[in-house]
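Here's the structure we're looking at; comments come further down.
Sequence positions, counted from 1, serve as the residue numbers for this chain.
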Amino acid sequence: MPVNEFERDEIAEYAALLYGPNWRSTLAENLNITRKQLVMTLASDDPVPEYITAPFISLIEKHLYRQTETMRKIENRLQSIRGQRVNHQQP
C-alpha cells in the first residue's frame with residue numbers, strides 16, 4: 001500500500017480516538033454509509049476506497065482543528081490565571 005494511503009488499522013485506531021468505543025457506527029454515519037458497509041470494507045483485502053479515505057481525512061482535520069483551538073483557549077486561560085497570581089503576589 002502506498003505511503004499516502006490509510007491502512008485499515010490506522011483508520012480503526014484514529015476512529016477509536018475520535019469517537020470512542022462505538023467508532024464504527026459513528027464513523028459510518030459521518031461517512032454516510034451503513035455500519036455494515038464500513039465493517040465489510042475494512043475487513044476486505046481490497047484497497048480502502050476513496051469514498052472512505054477522503055472524507056476520513058477531512059474528519060481528522062476538523063478534529064485536529066477543534067483540538068488546537070481548545071488547547072489555545074486553555075493555554076490563554078492558564079496564562080491569564082498565572083498572570084493574575086503574579087500580580088496578586090506583588091506588593
Pairs of donor and acceptor atoms involving the side chains of residues 15-25, under 3.5 Å and at least two apart or interchain, shall be tabulated with distances.
{"from": "Y19", "atom 1": "OH", "to": "N30", "atom 2": "ND2", "distance (Å)": "3.1"}
{"from": "S25", "atom 1": "OG", "to": "R35", "atom 2": "NE", "distance (Å)": "3.2"}

Next on the checklist: Does Q37 have more than 12 heavy atoms from other residues, nucleotides or ligands lying within 6.0 Å of its CD?
Outcome noted: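 Enclosed.
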Checklist entry - Got a sec: does the CD of E10 have more than 12 other heavy atoms crowding it under 6.0 Å? => result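 Correct, the count exceeds 12.
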Item to check | R66/E69 ion pair, N-O < 4.0 Å | outcome: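 Between E69 and R66 there is no salt bridge, as every charged N stays at least 4.0 Å from the carboxylate O atoms.
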Checklist entry - Looking only at atom types and distance, does a side-chain atom of S44 sit under 3.5 Å from a main-chain N or O of M40, one as donor and one as acceptor? => result no
Checklist entry - Under the 3.5 angstrom rule, does the side chain of S80 hit a backbone N or O of N76 as a donor-acceptor pair? => result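 It does not hold such a pair.
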Checklist entry - Taking it one step at a time, do Y51 and T41 satisfy side-chain contact (heavy atoms from CB on, under 4.5 Å)? => result CA-CA 11 Å; Y51 69 84; T41 300; 3.6 Å; yes
Gap between atom [atom2] of [Y] and atom [atom1] of [X] - 0.5 Å precision:
X	Y	atom1	atom2	answer
T53	L31	OG1	CG	9.5 Å
H63	T68	NE2	OG1	9.0 Å
R82	E75	CZ	CD	9.5 Å

Checklist entry - Which of these, T34, V39, L38, sits in a side-chain contact (heavy atoms from CB on, under 4.5 Å) with K36? => result T34
Checklist entry - Parallel, tilted or perpendicular: which describes the rings of Y14 and F6, with under 30° parallel and over 60° perpendicular? => result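 Rings of Y14 and F6: perpendicular, as their planes differ by over 60°.
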Item to check | Any L27 side-chain heavy atom under 4.5 Å of I11 side chain | outcome: yes
Checklist entry - Do V48 and F56 come close enough that some side-chain heavy atom pair is under 4.5 Å? => result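 They are not in contact (no side-chain heavy atoms under 4.5 Å apart), so the answer is no.
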